[in-house]
Amino acid sequence: METADVVIIGSGIVGSSVAYHLAQQGCANVLVIEREAHQGKGSTGKSMGGVRAQFSTPVNIQMSKYSIDFFSKFDDVVGHPADYRAHGYLFCATSENHLAYLKANRERQNALGVTNVEWVSPQDIAKMVPQLRVNDILGGTFCSTDGFVDPHSVMMGFMLNAREHGVRLWLDTAVTGIQGDPGKADVPGHNADGTSALRASASRRIAGVQTTRGFVSTRVVVNAAGAWAAQIAEMAGAQLPVEPLRRQLVPTEAFDRLPQRFPMVIDMSTGFHFRREGKGILLAWNDPRETPGFKTEFDETFVEKILTHAASRVPVLAEAEVNPRRAWAGLYEMTPDHHAIIGPAPDVDGLYFVNGFSGHGVMHSPASGRVAADLILQGRSDLIDAHQLGVQRFNEGRLLEETAVL
Ligand SMILES: Cc1cc2nc3c(=O)[nH]c(=O)nc-3n(C[C@H](O)[C@H](O)[C@H](O)COP(=O)(O)OP(=O)(O)OC[C@H]3O[C@@H](n4cnc5c(N)ncnc54)[C@H](O)[C@@H]3O)c2cc1C
């Protein structure tokens with residue numbers, strides 16, 4: 001029978017990072033199981049590749065700080081390229097509320113060691129991207145170490161390195177069930193009023209996973225199944241509040257009326273953001289009318305909506321050509337408070353969640369892999385206070401609030 005110390009379900013950027021970090025910490029009897037014939041067919045291959053430290057909550061700022069530092073050394077440390085480009089993120093505020101929000105965030109970022117977030121005036125912004133309409137922009141923030149990576153390269157780098165250290169990867173293999181040891185017998189307990197009662201004992205314990213290639217015996221399963229994570233949790237009888245939400249991206253054809261190099265620009269009045277991608281421009285906007293579901297087809301009516309926002313903020317973009325067949329859609333894995341869920345499942349011993357990145361799974365992949373490996377191997381992590389990201393927060397009313405979701 002096949003056995004592994006740890007089975008990771010899903011070989012996207014998150015599962016690959018967990019595999020890498022486990023192997024780095026000396027745990028290489030790890031099997032990664034991926035139902036697709038190639039890696040990157042989930043959200044990782046659809047991502048915009050943006051990385052930024054400009055968040056509002058301490059835990060997201062800390063995760064970004066570790067991750068961006070990691071990306072800056074990735075090629076040397078991992079031995080494969082990440083294509084990290086420190087072109088910056090430029091947030092453009094058009095209201096006093098936006099300014100107050102950016103100011104509070106900047107203070108928090110600074111206090112946590114992200115000291116290079118600069119205030120920029122409308123004139124500074126116009127210098128960075130002269131084609132931007134700045135007449136209603138009051139100011140903004142710019143962080144030069146924010147930027148982009150190539151998500152596919154990062155995922156492959158993590159996995160190749162992990163495999164060089166002994167991790168195994170099964171492609172074309174779906175996990176179809178998770179088996180636990182039968183629950184221990186009920187144990188005597190006491191009701192609140194002191195009367196005796198029979199209570200179901202502690203949690204079930206992972207025994208292995210059923211796959212399309214047969215059974216794999218293991219005591220530890222990591223759920224890294226992205227937008228499909230709730231289905232995996234259910235196989236183990238656990239609840240996971242992660243919902244798929246479609247996001248769409250539109251690339252323009254070659255366009256030379258914007259600079260060759262400029263930051264990711266975020267128009268806070270609409271949420272429209274864009275960056276250079278090769279010879280063209282990659283346009284993004286999260287339609288607030290999108291509803292949860294496994295919808296991955298690109299909706300062609302989206303092109304007109306996004307071009308309206310684009311041309312309003314960057315008038316020359318009205319001249320950009322767009323071929324809707326080159327546009328694409330993918331899934332965010334959303335949680336109720338837009339923060340990741342990282343840590344053990346409370347009722348199933350040996351099941352770990354690394355899910356629900358709510359649009360930030362690429363940029364936070366180094367930190368999430370490291371924290372997950374720490375929790376599995378040591379039961380704690382000194383990188384962040386991981387308790388905050390535990391799934392129990394939803395039952396205990398400890399939700400985190402991140403308003404800077406792109
Ligand atoms: C349009 C778009 C733009 C984005 N832009 C950004 C961005 O700029 N920056 C950023 O940080 N993030 C961004 N994201 C989010 C980011 O892509 C995700 O958070 C990240 O890729 C999640 O990685 P993952 O490994 O958890 O999931 P995935 O890459 O989806 O991997 C999960 C894997 O699990 C596998 N799987 C599922 N079920 C099973 C099963 N039963 N058995 C075996 N395998 C299974 C799937 O096949 C898949 O390969 C974007 C997402 C989208 C859609």
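Atoms within a ligand are numbered from 1 in the order they appear, just like the ligands themselves. Side chains are part of it too, since the values below use all heavy atoms of this structure and drop only hydrogens, waters and symmetry mates.
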**Q** Does Ser43 reach ligand 1 with a nitrogen or oxygen that is under 3.5 Å from one of the ligand's nitrogen or oxygen atoms?
**A**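 It does: an N or O of Ser43 is found under 3.5 Å from an N or O of ligand 1.
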**Q** Of all the heavy-atom pairs spanning Phe274 and Val314, show the shortest one and how long it is.
**A**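 That would be CZ-CG2, 3.6 Å.
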**Q** Does atom CD (Gln392) have a neighbourhood of more than 12 heavy atoms from anything else shown, all under 6.0 Å?
**A**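 It does: Gln392 CD has more than 12 such atoms within range.
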**Q** Treating Thr252 as the side-chain partner and Ile281 as the backbone partner, does any N or O pair qualify as donor plus acceptor under 3.5 Å?
**A**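 Indeed, once roles are kept as given, a pair shorter than 3.5 Å links the two residues.
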**Q** I would like to know whether Asn116 and Thr145 meet side chain to side chain donor-acceptor pair (under 3.5 Å); could you show each step before the answer?
**A** CA-CA 8 Å; Asn116 61 337; Thr145 44; 2.9 Å; yes
**Q** Just go through Val149, Val175, Val154 and tell me whose heavy atom is the nearest to atom 41 (N) of ligand 1.
**A**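 Considering heavy atoms of Val149, Val175, Val154, the nearest to atom 41 (N) of ligand 1 sits in Val175.
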**Q** To check your reading of the model: name the closest protein heavy atom to atom 31 (O) of ligand 1, its residue, and the distance in Å.
**A**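 Result: Gly12 CA, 3.6 Å.
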**Q** Please give me the minimum heavy-atom distance between Val220 and Asp5, naming the atom from each residue.
**A**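 In this case the closest contact between Val220 and Asp5 is CB-O, 3.5 Å.
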**Q** Is Arg380 salt-bridged to Asp382, going by a charged N under 4.0 Å from an acidic O?
**A**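 So Arg380 does not pair with Asp382 through a salt bridge.
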**Q** Are any of the N or O atoms of Lys46 closer than 3.5 Å to those of ligand 1?
**A**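 Between Lys46 and ligand 1, no N or O pair is found under 3.5 Å apart.
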**Q** How close do Gln260 and Gly278 get, heavy atom to heavy atom, and via which atoms?
**A**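 What the structure gives for the nearest pair is OE1-O, 4.5 Å.
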**Q** Backbone, side chain, both or neither: what part of Val14 comes under 4.0 angstrom of ligand 1, heavy atoms only?
**A**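 Within the 4.0 Å criterion, Val14 contacts ligand 1 through backbone and side-chain atoms alike.
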**Q** Give the atoms of ligand 1, by number and element, whose distance to some non-hydrogen atom of His360 is under 4.0 Å.
**A**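 The list of qualifying atoms is 10 (C), 11 (O), 12 (N).
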**Q** If you count the atoms of ligand 1 from 1 in the order shown, which ones are under 4.0 Å from a heavy atom of Thr173?
**A**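 Per the distance check, 43 (C).
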**Q** Does the Lys NZ or Arg CZ of Arg313 fall within the cation-pi geometry relative to Phe272 - under 6.0 Å from the ring centre and within 45° of the axis?
**A**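 Negative - Arg313 is either too far from the ring of Phe272 or too far off its axis.
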**Q** Which residue and atom name correspond to the protein heavy atom nearest atom 6 (C) of ligand 1, and how close is it?
**A**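 The answer is Ser47 OG, 3.1 Å.
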**Q** Can you list the atoms of ligand 1 that are under 4.0 Å from a heavy atom of Gly10?
**A**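 That gives atoms 33 (C), 34 (O), 35 (C) of ligand 1.
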**Q** Output the list of atoms in ligand 1 that are nearer than 4.0 Å to some heavy atom of Gly50, sorted by atom number.
**A**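 Selected atoms, number and element: 7 (C), 8 (O), 9 (N), 10 (C), 11 (O).
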**Q** Once you restrict to heavy atoms under 4.0 Å, what part of Ala224 touches ligand 1? Side chain, backbone, both or neither.
**A**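 The backbone, only.
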**Q** Val354: heavy atom below 4.0 Å from ligand 1, yes or no?
**A**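 Contact check Val354 vs ligand 1: negative.
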**Q** What closest approach, in Å, do Thr335 and Ser358 show between heavy atoms, and which atom pair accounts for it?
**A**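 Heavy atoms of Thr335 and Ser358 come nearest at N-OG, 3.2 Å.
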**Q** Is there a nitrogen or oxygen of Leu331 sitting under 3.5 Å from a nitrogen or oxygen of ligand 1?
**A**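 No, there is no polar N/O contact under 3.5 Å.
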**Q** When you compare ligand 1 with Gly361, is there at least one nitrogen or oxygen pair between them that comes in under 3.5 angstrom?
**A**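 Yes - when backbone and side-chain N and O of Gly361 are compared with those of ligand 1, one distance drops under 3.5 Å.
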**Q** Check ligand 1 against Ile33 and write out every atom of the ligand that is under 4.0 Å from a heavy-atom position of the residue.
**A**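 Here the atoms of ligand 1 in question are 43 (C), 44 (N).
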**Q** Testing Arg326, Lys279, Arg325 one by one against Glu253 for a salt bridge (Lys or Arg N to Asp or Glu O under 4.0 Å), which residue passes?
**A**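 Exactly one candidate clears the test, Arg326.
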**Q** Would you say Glu304 has more than 12 foreign heavy atoms packed within less than 6.0 Å of its CD?
**A**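 12 or below, so no.
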**Q** Please report the shortest heavy-atom distance between Ile8 and Ala224, naming the atom on each side.
**A**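 The pair with the smallest heavy-atom distance is CG2-CB, 4.0 Å.
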**Q** Report yes if some N/O of Met363 lies less than 3.5 Å from some N/O of ligand 1; otherwise report no.
**A**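 Yes, at least one N or O pair falls under 3.5 Å.
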**Q** Using a 4.0 Å heavy-atom threshold (strictly under), name the region of Thr176 that reaches ligand 1: side chain, backbone, both or neither.
**A**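 Neither part.
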**Q** Which of the numbered atoms in ligand 1 are below 4.0 angstrom from a heavy atom of Glu36?
**A**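 Numbered from 1, ligand 1 contributes 47 (O).
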**Q** For atom 23 (O) of ligand 1, what's the nearest protein heavy-atom neighbour? Residue, atom name and distance, please.
**A**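 It is Thr44 OG1, 3.5 Å.
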**Q** Just need the protein heavy atom nearest to atom 27 (O) of ligand 1, so name the residue and atom and give the distance.
**A**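 For this ligand atom, the closest protein heavy atom is Gly226 CA, 3.5 Å.
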**Q** Under 4.0 Å between a side-chain nitrogen and a carboxylate oxygen: does that hold for Glu297 and Lys295?
**A**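 No, no charged N to carboxylate O under 4.0 Å.
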**Q** Which residue supplies the protein heavy atom nearest to atom 50 (C) of ligand 1, what is that atom called, and how far is it?
**A**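 Scanning the protein heavy atoms, the shortest distance from atom 50 (C) of ligand 1 goes to Tyr332 CE1, 3.5 Å.
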**Q** Of all the atoms in ligand 1, which lie at a distance below 4.0 Å from a heavy atom belonging to Gly49?
**A**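 Selected atoms, number and element: 7 (C), 8 (O).
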**Q** Anything under 30° is parallel, anything over 60° is perpendicular, the rest tilted; go ahead and classify His87 against Phe148.
**A**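 His87 vs Phe148 ring planes: perpendicular.
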**Q** Please identify which atoms of ligand 1 are closer than 4.0 Å to at least one heavy atom of Gly330.
**A**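 It comes down to these atoms of ligand 1: 53 (C).
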**Q** Is Glu333 in contact with ligand 1, taking contact as a heavy-atom separation below 4.0 Å?
**A**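 Within the 4.0 Å threshold, so yes.
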**Q** Does Glu34, backbone or side chain, put an N or O under 3.5 Å from an N or O of ligand 1?
**A**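 For ligand 1, there is an N or O atom that lies under 3.5 Å from one belonging to Glu34.
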**Q** Looking only at distances, can you tell me whether any N or O atom of Gly40, backbone or side chain, sits closer than 3.5 Å to an N or O atom of ligand 1?
**A**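 Checking ligand 1 against Gly40, no N or O pair falls under 3.5 Å apart.
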**Q** Of the non-hydrogen atoms in Gly50 and Met264, which two are nearest, and what is the gap between them?
**A**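 Looks like CA-CE, 4.2 Å.
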**Q** Quick one: look up the protein heavy atom nearest atom 5 (N) of ligand 1 and list residue, atom name and how far away it is.
**A**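 Checked against all protein heavy atoms, atom 5 (N) of ligand 1 sits closest to Met48 N, 3.0 Å.
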**Q** In terms of the angle between their ring planes, are Phe158 and Tyr20 parallel, tilted or perpendicular, with boundaries placed at 30° and 60°?
**A**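 The arrangement is tilted - the two ring planes meet at 30° to 60°.
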**Q** For Arg35, is at least one N or O under 3.5 Å away from an N or O on ligand 1?
**A**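 Right, the criterion is met.
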**Q** Do the charged groups of Lys65 and Asp69 touch, with an N to O distance under 4.0 Å?
**A**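 No.
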**Q** So how far is it from Ile342 CD1 to Leu389 CG, rounded to the nearest 0.5 Å?
**A**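 Nearest 0.5 Å value for the CD1-CG distance: 5.0 Å.
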**Q** Could you say whether the N/O atoms of Leu249 and ligand 1 ever approach to under 3.5 Å?
**A**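 No.
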**Q** Taking non-hydrogen atoms only, is Asn355 closer than 4.0 angstrom to ligand 1 via side chain, backbone, both or neither?
**A**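 Answer for Asn355: neither.
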**Q** Does Gly359, backbone or side chain, put an N or O under 3.5 Å from an N or O of ligand 1?
**A**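 Right, the criterion is met.
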